[in-house]
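Here's the structure, in structure tokens; my notes come after.
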Amino acid sequence: MTVHRGRWSLEDRLERGLRELPFDVPPGTASITVELSYEGGVIDLGCHGPDGFRGWSGGARLQYTVGAEWATPGYLPGELEPGTWHVWLGLHRIPPDGVPYEVRVTTSTSSTPRPDETLPPRPERPPRRDLPASDGMRWLAGDLHSHTVHSDGALTVHELACLAASRGLDYLAVTDHNTVSHHAVLPAAGAYAGITLLPGQEVTTDLGHANVFGDTGWVDFRRPSADWAAFADARGGLMSINHPLSGDCAWRHPLAAAARPRFAEIWHPTWWDRRWGAPLAWADVWRPGGVVPLGGSDFHDPDQFKNLGEPVTWVLAEDGDVLGGLAAGRTSISAGPDAPVLLRVDGELIAIGADGTVLVRPDGRRAAVRGDRVRIPADGPGMHRLETHENEVIALCG
């Protein structure tokens with residue numbers, strides 16, 4: 001057993017927020033278990049082996065096990081390479097008087113059996129909404145921000161997939177914090193529930209969060225944020241800035257204009273009063289040429305106020321290619337699966353279920369919408385929106 005004890009100070013956090021505590025894994029080790037205890041503050045937890053990243057659970061857990069056949073959700077199972085490993089401790093919240101801590105690492109030659117999982121009942125899917133689309137394409141309803149037990153969510157991947165399908169979604173991005181351990185489960189869970197599960201990772205730091213979509217492999221949150229976007233781009237993925245104006249999770253990473261992603265989660269549950277124009281103002285100045293607007297529920301737990309598919313990000317996709325539709329910027333956001341929606345189709349804007357609202361173009365020009373299915377010429381790129389007469393945003397269109 002390896003034991004580390006001490007007290008982290010506020011000065012320690014300011015000097016370097018992520019600490020690495022070494023421990024040795026001898027040949028023949030089948031599993032390791034790490035236990036963290038501390039008093040006060042918030043300390044995040046993770047793991048790194050000689051061959052690279054092995055997991056992250058942030059502040060959601062105080063213990064994890066990594067073995068050849070199974071690992072605690074958030075961590076990657078696989079053979080344990082002999083050598084020096086490291087427990088990662090993220091000094092997330094350290095009060096002025098410090099935080100006493102203890103880390104215990106136990107190695108074992110016995111493997112940890114995979115726990116049995118009881119699958120939820122297969123969901124009943126509501127009828128799909130019939131929306132006008134370009135030839136050979138279809139609007140897919142989805143949610144681009146969700147969490148499972150692989151980080152700080154309450155549901156397993158199968159449970160989350162079934163809930164999303166029951167809400168009428170066609171796809172769901174599963175974006176657990178700073179880990180990709182959930183990616184291996186996505187194909188089976190998606191097939192079981194009848195929904196496309198898009199691999200994702202919420203790259204999470206004190207200075208802001210970003211989603212990386214696609215099967216890119218693990219994105220190293222320790223690197224500068226410009227490296228996250230470059231990593232995603234090189235591996236066929238996409239990076240989106242998350243909830244840029246959300247409390248202490250607001251985006252504060254410095255990024256040169258040329259390195260700023262095209263995608264941003266403009267619509268997030270923290271935008272609870274959509275008469276508040278700050279998210280739109282942020283989008284206007286974020287990137288020359290504007291942003292591709294995305295939405296996500298940031299779903300964690302059925303008992304929270306957030307619901308899957310609130311908002312819905314509609315993606316105009318060919319052959320179910322959600323990532324390709326996102327990359328092309330073919331997005332629209334509505335408050336829910338059946339809410340008013342503004343679509344861009346073949347050079348036209350189509351407002352559905354939006355009688356009595358106001359169409360606002362990127363240059364600020366406004367026009368009243370009269371009727372439940374109104375076609376309006378689209379005169380150029382940029383983010384359009386529908387508002388009520390009280391300036392409440394009810395739909396966005398890329």
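Side chains included, hydrogens not; waters and symmetry mates left out as well; all remaining heavy atoms used. Sequence positions, counted from 1, serve as the residue numbers for this chain.
At least one donor-acceptor pair under 3.5 Å links the side chain of Gln201 to the backbone N or O of Val219. Remark: side-chain polar atoms of Arg7 are paired, donor with acceptor, to backbone N or O of Asp97 under 3.5 angstrom. Formation of a donor-acceptor pair under 3.5 Å by the Arg262 side chain with backbone atoms of Ala327 is found in this model. The backbone N or O of Met137 sits nowhere less than 3.5 Å from a side-chain atom of Ser134 that would complete a donor-acceptor pair. Side-chain atoms of Trp251 come within 3.5 Å of backbone N or O of His253 as a donor-acceptor pair. Judged by distance alone, the side chain of Ser166 and the main-chain N or O of Leu163 form a donor-acceptor pair under 3.5 Å. Between the side chain of Arg104 and the main chain of Glu35, no donor-acceptor pair closer than 3.5 Å is present. Asp143 places a side-chain N or O within donor-acceptor distance of the main-chain N or O of Ser297, the cut-off being under 3.5 Å. Looking at Arg93, its side chain never comes within 3.5 Å of a backbone N or O of Val42 through a donor-acceptor pair. A distance-only check finds a donor-acceptor pair linking the side chain of Asp176 to the backbone of Thr148 [under 3.5 Å].
For the pair Ile352 and Asp372, the minimum side-chain heavy-atom distance is 4.5 Å or more. Side-chain contact between Pro73 and Arg61 is present, with heavy atoms from C-beta onward closer than 4.5 Å.
Between Glu310 and Arg167 there is a salt bridge, with a side-chain nitrogen of the basic residue lying less than 4.0 Å from a carboxylate oxygen of the acidic one. Between Asp220 and Arg222 a salt bridge is recorded (basic side-chain N to carboxylate O distance below 4.0 Å). A salt bridge links Glu81 with Arg54: the distance from a Lys NZ or Arg NE/NH1/NH2 to an Asp or Glu carboxylate oxygen falls below 4.0 Å.
Side-chain contact of His150 with Ser181: a donor-acceptor pair under 3.5 Å is present, judged by distance alone. Ser151 and His177 are not linked by any side-chain donor-acceptor pair at a separation below 3.5 angstrom, with hydrogens and angles left out of the test.
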Given Ile266 and Leu294, is the side chain to side chain contact (heavy atoms under 4.5 Å, CB included) satisfied, shown in steps?
CA-CA 6 Å; Ile266 301 302; Leu294 305 181; over 6 Å; no
With side chain to side chain donor-acceptor pair (under 3.5 Å) as the criterion, how do Glu265 and His145 come out once you've worked through the C-alpha distance, each side chain's angles and the decisive distance to 0.1 Å?
CA-CA 9 Å; Glu265 188 183 61; His145 195 163; 2.7 Å; yes
I'd like to know whether Arg365 forms a salt bridge (charged side-chain N to carboxylate O under 4.0 Å, His left out) with Asp363, so could you lay out the CA-CA distance, the side-chain angles of the two residues, the decisive distance to 0.1 Å, and finally the verdict.
CA-CA 6 Å; Arg365 286 180 296 137; Asp363 61 5; 2.8 Å; yes
Please determine whether side chain to side chain contact (heavy atoms under 4.5 Å, CB included) holds for the pair Arg385 and Leu280, giving the CA-CA distance in whole Å, both sets of side-chain angles, and the decisive distance to 0.1 Å.
CA-CA 10 Å; Arg385 64 185 185 270; Leu280 302 176; 3.5 Å; yes
Walk me through it: do Thr33 and Thr65 pass the test side chain to side chain donor-acceptor pair (under 3.5 Å)?
CA-CA 4 Å; Thr33 296; Thr65 296; 3.0 Å; yes
Step by step, would you call Asp170 with Arg138 a side chain to side chain contact (heavy atoms under 4.5 Å, CB included)?
CA-CA 11 Å; Asp170 299 303; Arg138 184 161 66 90; 4.0 Å; yes
Decide salt bridge (charged side-chain N to carboxylate O under 4.0 Å, His left out) for Glu392 and Arg275; before the verdict, give the C-alpha distance in whole Å, the side-chain angles of both, and the deciding distance to 0.1 Å.
CA-CA 4 Å; Glu392 179 187 14; Arg275 293 169 298 180; over 6 Å; no
Are Val87 and Val105 close enough, and set up right, to give a side chain to side chain contact (heavy atoms under 4.5 Å, CB included), and what steps lead you there?
CA-CA 9 Å; Val87 175; Val105 183; 3.9 Å; yes
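Atom CZ of Arg370 is surrounded by 12 or fewer heavy atoms from other residues, nucleotides or ligands within 6.0 Å. Atom CG of Asp130 has 12 or fewer neighbouring heavy atoms from other residues, nucleotides or ligands inside a 6.0 Å radius. In this structure, Glu79 places its CD atom where only 12 or fewer heavy-atom neighbours from other residues, nucleotides or ligands lie under 6.0 Å away. Within a 6.0 Å radius of CZ in Arg223, no more than 12 heavy atoms belonging to other residues, nucleotides or ligands are found. When the shell of 6.0 Å around CD of Glu69 is examined, it contains 12 or fewer heavy atoms from other residues, nucleotides or ligands.
Gly336 approaches Ser334 most closely through the heavy-atom pair O-OG, 2.8 Å. Closest heavy-atom contact between Gly353 and Pro340: O-CG, 3.1 Å. Of all heavy-atom pairs spanning His268 and Ser246, the tightest one is CE1-OG, 4.4 Å. Between Pro50 and Thr84 the shortest heavy-atom distance is CG-O, 3.5 Å. Scanning both residues, Ala165 and Pro123, for their nearest heavy atoms gives CB-CG, 3.6 Å.
The distance from atom OG1 of Thr204 to atom CG of Asp152, rounded to the nearest 0.5 Å, is 8.0 Å. Between Ser37 atom OG and Leu62 atom CG the span is 8.0 Å, to the nearest 0.5 Å. Within the model, atoms CZ of Arg13 and CD1 of Ile43 stand 11.5 Å from one another, a figure rounded to the nearest 0.5 Å. Atoms CD and CG, on Glu15 and Leu91 in that order, are 10.0 Å from each other to the nearest 0.5 Å. Summarising the geometry, atom CG belonging to Asp215 is positioned 11.5 Å from atom CZ belonging to Arg235; distances are rounded to the nearest 0.5 Å. Between the CG atom of Leu36 and the OG atom of Ser57 there is a distance of 9.0 Å, given to the nearest 0.5 Å.
Linking ILVMFWY side-chain heavy atoms closer than 4.5 Å, directly or via other members, places Trp267 and Phe263 in two distinct hydrophobic clusters. The hydrophobic cluster containing Leu89 also contains Ile32, counting ILVMFWY residues as joined when their side-chain heavy atoms lie under 4.5 angstrom apart, directly or transitively. Linking Ile, Leu, Val, Met, Phe, Trp and Tyr whenever their side-chain heavy atoms come within less than 4.5 Å puts Leu238 and Leu144 in one cluster. Note on Trp271: it clusters hydrophobically with Met383, by side-chain heavy-atom contacts below 4.5 Å among ILVMFWY residues. No path of Ile, Leu, Val, Met, Phe, Trp and Tyr side chains, each step under 4.5 Å between heavy atoms, connects Tyr171 with Val341, placing them in separate hydrophobic clusters.
Exactly one residue among Trp218, Trp228, Phe231 makes a side chain to side chain contact (heavy atoms under 4.5 Å, CB included) with Val203. That residue is Trp228. Of the candidates Asn178, Thr179, Asn242, Asn242 is the only one forming a side-chain hydrogen bond (donor to acceptor under 3.5 Å, both in side chains) with Glu202.
Aromatic ring centres of His300 and His147: separated by under 6.0 Å. In this structure, the ring of Trp56 has its center less than 6.0 angstrom from the ring center of Phe221.
Taking the six-membered ring where tryptophan is involved, the planes of Phe23 and Trp85 are tilted, since the angle between them lies from 30° to 60°.
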